Structure formats: structure tokens, C-alpha cells
Amino acid sequence: MPFRRNKALFLFFFAMLALLNQPLCAGQNSDMKLRTVVIDAGHGGKDPGAIAPDNKLKEKTITLDVALKLGQRIKDAYPDVKVIYTRSKDTYLTLAQRTNIANRNQADLFISIHVNSVKGNSKPRGTETFIMGTDQSHANMEVCKKENSVILLEDDYTTTYQGYDPNEPESFIFFNLMQNAHFEQSVIMASKIQEQLRKGPITVDRGVKQALLLVLWRTTMPAVLVEIGFLSNAADRKQLASEAGRKEIAGRLFTAFSQFKKQYDSHSGIEIDTTPSSASTEISSEKEKTKPASTTASDCWMIQIFASKKPVKPGAPDFKGVKQYVEIFQNGYYKYCTGRYDSREEALKALPALRKKFEGAFIVHVDNSNRIL
Ligand SMILES: [Zn+2]
């Protein structure tokens, strides 16, 4: 990517941060209760999403049905929670329109529902939940391309998405910090979803993952994108095609929502659930899934203050006076991290002070060889 474009992207990023600062604060309830949820049924209208091998069953139909079922469960159980659907019919919406619905309504939570699919490989199966993040393992990039490529249907996608190229998701890294303010809460919701979904009907748990997903990009609230199974896998497809299967999946999502709401309402949504079941759902990339989820004595948590394509010299203004930091080169970026904490909770305590200087600062889990997990 040429330097001039990099610079323009950076400038745009900071301009957007400034713009978003206001709605970020105004969008939250003064008493911090979860009152509005936006449920986004992926795809729709001229965009069918994934299609089953028989050419009949479509992702857009499944996502709409599960979205409506989930919304109904929430309405029945919590009459004072406002449930907003991005679509309640087979209609086409751009990704930006979906985000705008959530932001305009000052939603407290955004749940985007999708169905996975792999061309020419019927083996992959299971559920996975994505949050906006910079983990760029190959598998996640594929989901990125699949879920973001819908913008090619839009007449002027280069303007709307500021030059984002679905075939070049790495260009997106300059924008991903938008979601950092809600990163922790998004992780909590994503973990709860996976904890529930693995109970069935599709029991293969592919975990909580990070990806640069356009539909989550500009949301100003905790936001997750759940892939509820693979249309390309026969066993998953059987569940997705059946009314009972979809009902059960919606029920699992509802339980996750209830648990998240309970925690959000009682702890202002900021506390981290440290129960063993949720702690085992580490954010991981595909290749790191084989590692044990428990932490070793030398693991630690740090706070990433910024990242750059090129190394930044010690003492540069970018560090804003921070002298103790480590430089971690990973996925093509020099990531600058400070602090060293034994637990995520410890790091969380230090985060607000650093956010005053570095608005996009966020917590990273680092192993003993200084790799971000
Ligand atoms: Zn999709």
C-alpha cells in the first residue's frame, strides 16, 4: 500500500475517532442497563449469502428466522428491552446501513447472525463468534473476505468504506481501533454465546475469534458476529434446515443474551467474568487453538498503545512520554505495548489512565516469548 494512502487512512482514522467520541458517550444509559439490542440477520434480498449445495437453502433465510426467533424470546422475557431488527423481511441492506441502525438507536448490544460455508470442502463444521480485532490468521481472513465482499454489490463502496478492498482486508487495520472501547464487553458476549452454542444442536465449538468485519467496524456498542454453523457441512446443514434446530440455536443465543444482560446490568457491563467456564474461552486464532487455554507462569497481560507498519524510534512523539514498553512485530505490524500484569483484571485497572493518552489502547495477552496470543 503506498505511503500516501497510509497517511490519508491515518488522518481519516483520527477524524473518525473525534467524531465518534460524542456518540460513544451519549449512547450509553446513565444507569448503564441493557435496554436496547439490535439483532442483525445477515444478508437478505439480492444478497443470499452462503447457499447450500442443493441450491435451495440460503444463508439469508436461516439468519432471518433465527434473528426473529431470538428477538421474540427477548421480547417475551424482557418487555422493557427494545428489540430492533436491521431487517424483519427478505430485504437487502448495506453493511453501513446495518451499523447505522444500531448507532442511531443508541443500542447497548449488536448481534449479527450469519451462517458459514467453505467452497469445495464439506468437512469444516461448528459454530464461532467474532469480535472486531486484529487477529489475522488465515481462517479469519477468509471469513473477512466472505462476510465483507457483499459491499461489492454497492454502487459506491470505495467511498462508503473509505477505500476498503474486500480482497485486501489488511488495509483495514487502520480502522479497527474503533471497536476497542467495547472490546472487553464484546469478548464477554462472544464467550457466553460460544459457551451456550456448544451445548447443541451443533456442538463443535470453534471458539471466539477476532476479525476485521465491516459490519462491526463503526458500531458504538459491544458487538459480535456469530456464525451458527456451516451450510457446506451435512451434519450442520441438517440442523440449520430444521425448524427444531433453528429454534434450539435461537434459544442458546437467548440464554447468552440473558447472562450478558444480567452481568451488564449489575456490573455496568465492565466486570470480567472469571468463572472457569468462561475463562477457558480464550480469544485465539486457528493455529493457536491447540495450545492449552490455561496460562503459564510467564504469560502476562500488557496494554497495546499503538501499532505501526514501520518501527518507531525510542523517544518519538508517538510514545507520548511512555518510556517503558516492548516492541512486538507480528502480522506485519510493530505493536507497542506497555505494563506487565499478572491478570487481565490487573491490566483493566490500568487501562483508563492510558486511554487518556492513547484513545485506542487495549489489553493484549502476551506469552513468555513476547508473542501476542
Ligand atoms: Zn454471512
Side-chain angles (χ1 to χ4, degrees), residues 38-53 55-71 85-99 101-102 110-122 124-133 138-154 157 161 164 166-167 169 172 186 190 193-194 197 202 204 206-219 223-233 236-237 239-241 245-246 249-250 253 286:
V38 167
I39 304 175
D40 174 44
H43 310 274
K46 65 182 177 184
D47 166 26
I51 301 174
N55 263 340
K56 284 182 188 151
L57 193 57
K58 291 172 181 149
E59 177 179 358
K60 66 173 184 177
T61 317
I62 300 166
T63 59
L64 180 58
D65 188 56
V66 172
L68 295 175
K69 282 180 165 62
L70 169 62
Y85 302 107
T86 53
R87 66 182 181 98
S88 55
K89 296 193 181 88
D90 182 20
T91 45
Y92 169 77
L93 280 98
T94 68
L95 296 180
Q97 283 170 332
R98 295 166 196 268
T99 308
I101 289 170
F110 180 82
I111 305 170
S112 187
I113 300 171
H114 285 256
V115 174
N116 239 325
S117 173
V118 183
K119 277 207 176 88
N121 185 355
S122 61
R125 61 166 309 198
T127 65
E128 55 194 8
T129 302
F130 289 89
I131 53 171
M132 186 71 183
H138 178 71
N140 297 1
M141 289 296 249
E142 289 309 308
V143 169
C144 255
K145 284 180 190 170
K146 184 169 71 71
E147 299 297 6
N148 291 340
S149 63
V150 61
I151 65 171
L152 297 173
L153 294 176
E154 294 177 35
Y157 76 87
Y161 302 98
Y164 174 79
N167 295 313
F172 201 46
S186 301
I193 287 177
Q194 285 308 119
L197 285 180
I202 296 171
V204 176
R206 299 169 64 88
V208 174
K209 297 177 178 178
Q210 298 181 37
L212 308 172
L213 293 161
L214 283 173
V215 75
L216 303 181
W217 165 33
R218 283 189 284 195
T219 50
V224 296
L225 184 150
V226 54
E227 299 272 1
I228 57 172
F230 280 76
L231 210 40
S232 45
N233 174 273
D236 280 12
R237 189 165 61 244
Q239 297 301 335
L240 296 168
R246 292 192 301 270
I249 291 166
L253 295 176
E286 198 69 13

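What you see is a predicted model; the values in this text were computed from it and never measured. All ligand and atom numbering here is 1-based and tracks the order in the structure.
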Asp47: partners by salt bridge (Lys or Arg N to Asp or Glu O under 4.0 Å), with sequence neighbours left out: none

Every N, O or S from the protein that is nearer than 2.8 Å to the Zn ion (ligand 1): His43 NE2, Glu59 OE2, His114 ND1, Glu147 OE1, Glu147 OE2

Minimum-distance pair of heavy atoms, taken over all atoms of Leu214 and Thr99: O-OG1, 4.3 Å

Qualifying residues under salt bridge (Lys or Arg N to Asp or Glu O under 4.0 Å), relative to Arg98, sequence neighbours excluded: Asp40

From CA spacing to verdict: side chain to side chain contact (heavy atoms under 4.5 Å, CB included), Ile202, Arg125: CA-CA 8 Å; Ile202 296 171; Arg125 61 166 309 198; 4.0 Å; yes

Passing option when Asn116 is tested against Arg206, Glu128, Glu59 for side-chain hydrogen bond (donor to acceptor under 3.5 Å, both in side chains): Glu128

Counterpart residues, side-chain contact (heavy atoms from CB on, under 4.5 Å), relative to Asn121 (two or more places apart): Val118, Lys123, Pro124

